[in-house]
Amino acid sequence: MIKSSCINRSCAVQYVVWSKPDMRWTKTLIPTLREDPQEAEIDSHKLLLRAGLIRKLAGGLYTFLPLGLRVLHKVERIVREEMDRAGALEILMPALHPREIWERSGRYSIMGDVMFRLADRQKKDFVLGPTHEEIVTELAAGELRSYRLVPRTFYQIQAKFRDEIRPRFGLMRAKEFIMKDAYSFDVDSQAADASYDAMYQAYVRIFKRCGIRTKVVEADTGAMGGKWSHEFMVLADSGEDGLVECTSCSYAANLERAERQPPEPAVWETGDDLPEPVATPGQRTIEEVAAFLKCKPAQLIKTMIYRLDGKPAAILVPGDREINEHKLPQALNVREAVLADEATIASVTGAPVGFAGPIGLTIPVYADLGLKGIRGGVTGANRADTHTRHVSLDRDAAITAYADLCVVKGGDRCPRCGADLAEQRGIEVGHVFKLGTKYTEAFNASFLDENGHQQTLIMGCYGIGVTRTLQSIIEQSRDANGIIWPTAVAPYPVIVLPMNVQHEPTMAVVNRLVGELETRGIEVLVDDRDERPGVKFKDSDLVGFPIRVVVGERGLAKQQVEIKRRRDTQAVMSPLDEALTTIVNMIQHDTQQE
RNA sequence: CGGGGCGUAGCGCAGACUGGUAGCGCGUUUGGUUCGGGACCAAAAGGUCAUGGGUUCAAAUCCCAUCGCCCCGACCA
């Protein structure tokens with residue numbers, strides 16, 4: 001039964017030459033589930049399980065079943081093609097790293113909790129790599145010694161390991177996942193910008209070819225360090241990241257980084273009244289105090305005590321706002337900003353937690369720009385069970401500096417053009433960083449320039465969560481019946497459903513059509529199960545093959561087969577001798593569209 | 001790590017409060033009737049009731065501990 005023609009026409013299938021282009025449902029494993037698994041919360045996770053693409057081994061650890069692996073390979077192939085096109089060089093680095101290399105960059109302590117640690121039989125310490133900046137920089141330090149060998153960009157596609165605090169949503173946040181990571185090394189900042197741009201453009205192409213719409217946002221560099229970065233976000237309500245985009249200009253940013261133009265000064269009162277203590281017994285939170293004093297949360301001035309590089313300071317934001325801790329280091333020019341403990345708060349304010357205010361403090365006081373010019377505000381009085389009202393910050397408190405310190409929200413003003421910002425959720429599928437010399441200095445990665453001078457390599461790094469991207473495709477392309485695969489990443493672009501596998505003329509037509517598709521290099525799955533049509537239709541929709549061909553006695557009587565796109569509602573009847581052309585045209589058309 | 005929920009057949013669940021022979025639906029196997037959107041009839045297989053301990057004549061059920069999974073939070077490229 002199995003066609004042997006795959007051998008002599010394997011050249012038609014680029015890269016995936018080891019894979020037979022056609023498959024019978026009864027010969028593979030596609031364990032579809034009729035009901036939603038109890039373990040899954042979001043739709044894409046449910047569908048991964050229901051469509052028989054993955055199975056869970058343990059929390060954050062998944063096995064890819066045949067169909068899931070086919071999709072994974074297709075995404076990887078797109079990534080490889082675009083990386084290669086951009087001039088990046090594929091390598092493969094170890095997943096197991098000696099501890100010392102992480103200590104050299106200082107990240108063993110920074111990322112220590114994220115890394116799985118283990119020891120060999122000699123009790124030598126190792127970690128499972130959560131990322132590979134250290135490893136690749138070590139390589140560059142040894143090999144890229146001459147300007148003639150620069151620029152170079154290396155990439156790999158490999159399993160990464162992270163001891164996530166909470167793995168969730170299936171492949172979205174897993175303990176082991178597939179990542180494409182790339183690293184560029186350049187002679188100077190300008191050349192590094194060009195490398196960055198090449199990767200950025202490659203990413204745009206990759207996600208487009210995967211059939212997903214992404215939004216590029218300015219991002220925080222976090223533990224990666226570096227100066228600048230962009231994230232590629234798949235917009236989805238289930239996304240773990242918040243982001244804002246301008247309704248007018250092109251500004252878009254992760255909430256961790258997003259800035260805003262200062263709003264109009266909050267004038268609640270004329271400002272003629274002087275500060276006055278008011279008893280607020282037991283009212284600690286913003287909500288409690290606002291309700292107690294019958295004022296709006298925004299009228300309160302939230303005062304939080306932080307330690308900036310160890311030294312206490314007060315951070316002030318409007319009562320209806322959150323402090324953005326990611327922005328503090330840069331805004332206040334410190335290395336580390338952490339919330340102070342209760343003892344510190346008590347000693348600098350002289351009051352229990354919940355009653356801190358800026359008036360009379362002897363530590364530095366930094367206020368959000370949204371508080372500039374506020375009149376009639378309410379603050380803690382630095383005394384138990386007491387607040388202060390009629391506060392005009394400029395007049396009543398010694399403000400060390402105003403800065404943009406709070407988390408931006410939808411409705412705030414764009415930092416570029418002043419128009420409204422809109423807030424959305426997104427899934428981070430790609431992240432590109434300009435790292436500068438953080439790692440190349442730590443690893444002494446330098447080269448000799450044309451003049452024989454020693455110079456430090458400028459580095460960039462670029463990640464794509466491959467398995468996360470796979471799930472994001474589903475998150476963005478599905479309906480009530482199941483997945484709708486974009487053609488480029490579908491496990492099979494075509495599924496053929498014989499309505500009655502016992503009917504010989506039906507199977508003769510199926511086999512001939514499948515053979516013809518094979519010769520065109522088109523991968524086909526034949527649902528040759530002896531099941532009722534309804535079952536096959538449901539499974540076909542659930543798994544989401546882009547094109548479905550139904551061969552039944554009803555159509556055959558008119559020498560026709562039915563061809564239907566998964567994303568369309570209407571099927572078309574096609575004469576037998578035109579079916580092949582119709583299908584091929586659809587695939588070509590859809591691949592270009594997507 | 002804090003808070004909450006859940007572990008009973010491959011999947012989804014009931015049974016637990018009030019201890020007394022392990023249940024239902026789907027799926028699976030066999031036979032038959034069906035056959036263009038998850039058919040019907042009949043028969044059957046399938047369980048350390050998460051694990052360990054305790055109480056009891058008797059524990060899926062009550063008590064204690066542990067483990068695992070899911071959600072919220074903290075946290076996180």
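Numbers restart at 1 for each chain; the letters A, B, ... are given by sequence-line order, proteins then strands.
Looking at heavy-atom distances under 4.0 Å, A:P31 makes no contact with the nucleic acid at all. Among the heavy atoms of the strands lying under 4.0 Å from A:G555 is at least one base atom, whether or not backbone atoms are also near. Counting non-hydrogen atoms under 4.0 angstrom, A:E428 reaches the backbone sugars and phosphates but no base.
Between the side chain of A:D36 and the base of B:G12, no donor-acceptor pair under 3.5 Å is found. If you check distances only, the side chain of A:R548 does reach the base of B:G37 with a donor-acceptor pair under 3.5 Å.
Taking every side-chain heavy atom of A:R554 into account, B:G36 is the closest of B:C35, B:C76, B:G36. Counting only heavy atoms from C-beta on, A:E41 has its side chain closest to B:C71 among B:C71, B:G37, B:C69. Nearest to the side-chain atoms of A:I165 among the listed nucleotides B:C70, B:G12, B:C75 stands B:C75. Distances were taken from every side-chain heavy atom of A:M499 (C-beta onward) to each of B:C35, B:G36, B:G38; the shortest belongs to B:G36. Each of B:G37, B:G36, B:C71 was ranked by its minimum atom distance to the side chain of A:F169; first place goes to B:C71. In this structure, of B:C71, B:C69, B:G36, it is B:C71 that holds the atom nearest to the side chain of A:R168. Here B:C26 is the nucleotide among B:G37, B:C35, B:C26 with the atom lying nearest to any side-chain atom of A:R34. Listed nucleotides: B:C75, B:G25, B:G38. Nearest to the side chain of A:L542: B:G38. Among the nucleotides B:C11, B:G37, B:G73, the one closest to any side-chain atom of A:F537 is B:G37.
Using bins of under 30°, 30° to 60° and over 60° for the plane-to-plane angle, the ring pair A:F545/A:Y492 lands in the tilted bin.
Remark: B:G46 base-pairs with no nucleotide in the shown strands. Criterion, Watson-Crick or G-U wobble with two distances under 3.5 Å. Pairing partner, B:C67: B:G7, with both Watson-Crick or wobble hydrogen-bond distances short of 3.5 Å. With a 3.5 Å ceiling on both atom-pair distances, the Watson-Crick or G-U wobble partner of B:U33 is B:A39.
Mapping A:Q38 and A:E562 onto RNA chain B by nearest heavy atom places A:Q38 at the nucleotide closer to the 5' end. A residue-by-residue look at A:R173 and A:E531 shows that A:E531 has its nearest nucleotide of RNA chain B further toward the 5' end.
Taking the centre and axis of the six-membered ring of A:W25, the NZ or CZ atom of A:R529 falls inside the cone set by 45° and 6.0 Å. Both tests hold for A:K434 against A:Y196: distance to the six-membered ring centre under 6.0 Å, angle to the ring axis within 45°.
A:R166 has a side-chain polar atom (N or O) that falls below the 4.0 Å cut-off from OP1 or OP2 of B:C71.
Look at A:K302 and A:E322 and you find a salt bridge, because one of the NZ, NE, NH1 or NH2 atoms lies within 4.0 Å of a carboxylate O, short of that distance.
The distance between the ring centers of A:F207 and A:F232 falls below 6.0 angstrom.
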